[in-house]
Amino acid sequence: MAIDTVGALPDENGKQRLIVLEHAGKIDPEDIEAYMAVGGYATCSDVLQSMTPAEVIEQIRNSGLRGRGGAGYPVGLKWSTVAKAHGSQKYIVCNGDEGDPGAFMDRSIMEADPHRVLEGMMIAAYAVGASRGYLYVRAEYPLAIKRLKHAIKQAEKHGLLGINISGTPFSLSLQVRLGAGAFVCGEETALLASIEGRRGQPRPRPPYPAESGLWGCPTLINNVETYANIVPILREGAEWFASIGTERSKGTKVFALSGRIARTGMIEVPMGTTLREIIYDIGGGIPDGRTFKAVQTGGPSGGCIPAAHIDTPVDYESLKQVGSMMGSGGMIVMDDSSCMVDVAKYFLEFCMTESCGKCVPCRVGTAQMYGLLEKISEGRASLDDLALLEDLCDMVANTSLCGLGQAAPNPVISTLRYFRDEYMAHIVDKTCPAHVCPVSRKEAVR
Amino acid sequence: MRTNTIAPPSDDKRWRIVQATMRRHGFAPDALIEALHSAQEAFGYLDDDALRYVGKSLHLPLSRVYGVATFYNLFTLKPQGEHTCVVCMGTACYIKGGPDVLKAIEDAAGVRKGETTPDKKVSLLVARCLGACALAPAVVFDGEMDGQLAPGQAASRIKEWMGDGN
Ligand SMILES: Cc1cc2nc3c(=O)[nH]c(=O)nc-3n(C[C@H](O)[C@H](O)[C@H](O)COP(=O)(O)O)c2cc1C
Ligand code: SF4
Ligand code: FES
């Protein structure tokens with residue numbers, strides 16, 4: 001069959017570094033032999049034959065790899081917690097829910113190199129002592145689901161999954177489970193509830209899934225891209241991996257570039273690459289003679305980074321410092337045709353609709369905040385409304401149960417921080433400078 | 001594993017697909033979402049018969065089945081139209097004119113997002129990122145992805161379906 005998957009955007013000036021995407025678009029993802037021809041499953045086999053689980057965890061810890069699903073939790077630390085947890089049955093889970101609107105890295109990885117994800121999971125399962133695992137993939141990704149299921153079947157046929165893998169005592173069975181269109185199911189405790197066939201509502205942590213996850217058993221949960229990093233680390237060594245990136249953010253990160261940018265698609269860059277390098281050198285800058293206004297990272301939990309901070313390096317801490325976050329890797333570029341009040345309203349509507357309703361601050365708070373933003377965008381708001389909005393940001397962020405509610409105010413906070421003048425224009429002058437909001441549409445009609 | 005299989009609500013062959021899905025999961029409670037997916041794929045939506053049948057087969061109370069079926073956005077308890085149109089409202093599509101495309105489609109179909117035309121011809125849905133952001137704004141017409149659409153183009157596809165666009 002034809003290789004219909006996409007790899008990274010062309011690397012014209014050597015800014016990219018392909019580790020996770022090394023095979024993407026280059027091998028047939030539906031053929032296990034193609035994966036093996038480029039060295040696939042050799043690392044897993046070496047690990048099973050010659051390393052103890054503790055040695056694997058040590059390597060991952062030394063590599064400095066942090067979770068690619070958003071929060072950046074150290075992977076080695078999580079693995080050792082699961083390895084130490086008591087329980088005769090342990091589970092391993094791959095988070096392929098990729099709910100951030102505007103992110104498609106995990107989908108591309110699953111579609112272009114499914115065996116790479118499986119091999120990473122096998123090594124992880126061996127390291128933590130898990131014998132069963134699930135890949136939870138959003139139902140909106142039928143091709144990724146099909147390819148993963150096919151890859152699992154092929155791996156089983158080759159004796160790479162199942163009982164006594166490669167003649168060792170290690171056994172592992174993997175299954176794909178479908179999401180059903182709920183953003184909150186990307187949150188780990190909600191995801192586990194969903195695998196159990198229940199409503200995907202988060203529960204308080206602790207206990208963390210590492211201690212009490214699926215059916216109360218210790219469960220390791222990592223993101224797709226996190227697993228895709230495991231093979232190269234063990235193949236090339238922890239020192240090699242740790243030499244890439246910055247002091248506290250190691251390796252590379254895959255981003256999905258989209259929005260008002262000349263070249264849209266996937267890129268993979270070393271941590272520490274600046275936003276300017278990504279947007280201008282790799283993405284080709286802003287088309288149609290327009291000017292760069294902001295780049296949104298981190299999805300509905302992230303923020304808008306303005307032109308003044310375009311030299312920010314992408315690493316977990318720097319992005320946080322400018323009021324956004326790494327998130328899963330969506331990067332949406334905006335030019336002067338976007339209104340920041342409208343963008344904030346867009347994300348709030350998202351969080352309001354996707355709130356699971358379990359706790360009041362998030363369920364009611366996001367709706368109230370949305371109402372206020374609507375008022376602002378229609379030119380009906382006063383400065384008191386703005387003060388109320390800021391109070392609500394604080395309240396919702398500090399009292400919500402899970403990450404969805406806790407981070408829901410971020411897009412509002414970050415746009416208020418950098419684009420307060422736009423809010424003022426809507427409230428005081430009753431105009432929308434970018435001519436997006438109803439307040440200026442009404443003007444135009446009149 | 002539980003083996004006592006429940007008889008399907010009718011002799012419609014499609015129930016066998018649903019039953020096979022549940023059997024593959026050993027009729028365990030965690031097969032619920034997979035079973036609902038399979039029923040919806042076979043019948044287009046989840047009616048009371050389907051919910052009851054799945055619940056009984058998996059030994060789950062109807063309240064639990066109904067709770068799950070209504071929690072997840074992809075499950076629908078109402079029959080869909082002959083054609084479905086899914087407009088992406090993910091961030092990349094939103095920034096690149098998704099709202100204008102949606103408006104044009106709503107005007108052409110005469111219904112709002114989430115609704116089906118009275119003649120049951122067209123169901124209009126919105127999605128949060130179809131993972132094709134590079135094609136923004138993206139719309140799926142009857143399962144086929146179409147990208148970089150102008151509002152007018154999108155509207156004429158709908159009018160074709162409605163039977164008055166040549
Ligand atoms: C509302 C919400 C949505 C999330 N969505 C995702 C997601 O789509 N994909 C993902 O990998 N992690 C998501 N996460 C993070 C997970 O809860 C979890 O931290 C992650 O899967 C752990 O994997 P990692 O350590 O490899 O990043 C989400 C968290 C929250 C609070
Ligand atoms: S914060 Fe929101 S999504 Fe999270 S548990 Fe509370 S209501 Fe549900
Ligand atoms: S935002 Fe529309 S496809 Fe991603």
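Just so we're on the same page: letters track the sequence lines, and every chain starts at 1.
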### Query
Between A:Tyr346, A:Trp215, A:Phe347, which has the largest tally of heavy atom pairs under 4.5 Å with chain B?
A:Tyr346
### Message
Once rounded to the nearest 0.5 Å, what's the spacing between atom OG of A:Ser338 and atom OH of B:Tyr94?
### Response
9.0 Å
### Query
Checking A:Arg199 against chain B: side chain, backbone, both or neither under 4.5 Å from a heavy atom?
both
### Task
Give, as side chain, backbone, both or neither, the part of A:Thr353 having an atom under 4.5 angstrom from any heavy atom of chain B.
side chain
### Enclosure of A:Lys358 NZ (heavy-atom neighbours >12, cutoff 6.0 Å)
yes
### Query
Considering all heavy atoms of both residues, which atom of A:Ala103 and which atom of B:Cys133 are nearest to each other, and what is their separation?
N-SG, 4.1 Å
### Task
Sort A:Asp106 into side chain, backbone, both or neither according to what part of it lies under 4.5 angstrom from a heavy atom of chain B.
neither
### Message
Using a 6.0 Å cut-off, check whether atom CG of B:Asp11 has over 12 heavy atoms from anything other than its own residue.
### Response
no
#### Entry: Any side-chain heavy-atom pair of B:His25 and A:Gln175 under 4.5 Å
yes
#### Entry: Distance (rounded to the nearest 0.5 Å) between A:Phe350 CZ and B:Met89 CE
13.5 Å
### Query
For A:Ala139, does its backbone N or O pair with a side-chain atom of B:His37 as donor and acceptor, under 3.5 Å?
no
#### Entry: Student check: side-chain heavy atoms of B:Leu130 and A:Tyr141 closer than 4.5 Å
no
#### Entry: Salt bridge B:Arg128-A:Glu98, side-chain N to carboxylate O under 4.0 Å
no
### Message
Looking at A:Arg177 and B:Asp30, is any side-chain nitrogen of the basic one under 4.0 Å from a carboxylate oxygen of the acidic one?
### Response
yes
### Query
So how far is it from B:Phe71 CZ to A:Arg198 CZ, rounded to the nearest 0.5 Å?
11.0 Å
### Query
Is the count of non-hydrogen atoms from other residues, nucleotides or ligands lying under 6.0 Å from B:Tyr66 atom OH greater than 12?
no
### Query
How far does OG1 of A:Thr264 sit from NZ of B:Lys96, to the nearest 0.5 angstrom?
6.0 Å
### Query
Which bit of A:Glu354 comes within less than 4.5 Å of chain B, counting heavy atoms only: side chain, backbone, both or neither?
side chain
### Query
Contact part of A:Val333 toward chain B, heavy-atom cut-off under 4.5 Å: side chain, backbone, both or neither?
backbone
#### Entry: Rounded distance [0.5 Å steps], CD1 in B:Ile95 versus OG in A:Ser258
8.5 Å
### Query
Quick one: of A:Asp342, A:Val343, A:Asp100, who has the most non-hydrogen atom pairs under 4.5 Å with chain B?
A:Asp342
### Query
Which heavy atom of A:Ala180 sits nearest a heavy atom of B:Ile33, and at what distance?
CB-CG2, 4.5 Å
## Note on the structure
Heavy-atom closest pair (A:Cys185 atom, B:Tyr72 atom, distance to 0.1 Å) is SG-CE2, 3.6 Å
### Query
A:Leu178 versus chain B, heavy atoms under 4.5 Å apart: side chain, backbone, both or neither?
both
### Query
If you draw a 6.0 Å radius around CZ in B:Arg16, do more than 12 non-hydrogen atoms from other residues or ligands fall strictly inside?
no
#### Entry: Closest approach of A:Gly102 to B:Cys129 (non-hydrogen atoms, all atoms of both residues)
N-SG, 3.3 Å
### Message
Does any backbone or side-chain atom of A:Leu257 lie under 4.5 Å from a heavy atom of chain B? Answer side chain, backbone, both or neither.
### Response
neither
### Message
Tell me which of these, A:Ala256, A:Gly330, A:Ser194, A:Gly265, has more heavy-atom pairs under 4.5 Å with chain B than the rest.
### Response
A:Ser194
### Query
Under 6.0 Å from the CD atom of B:Glu41, do we count more than 12 heavy atoms belonging to anything else shown?
no
#### Entry: Best-contacting candidate, A:Gln296, A:Arg138, A:Met105, against chain B by heavy atom pairs under 4.5 angstrom
A:Arg138
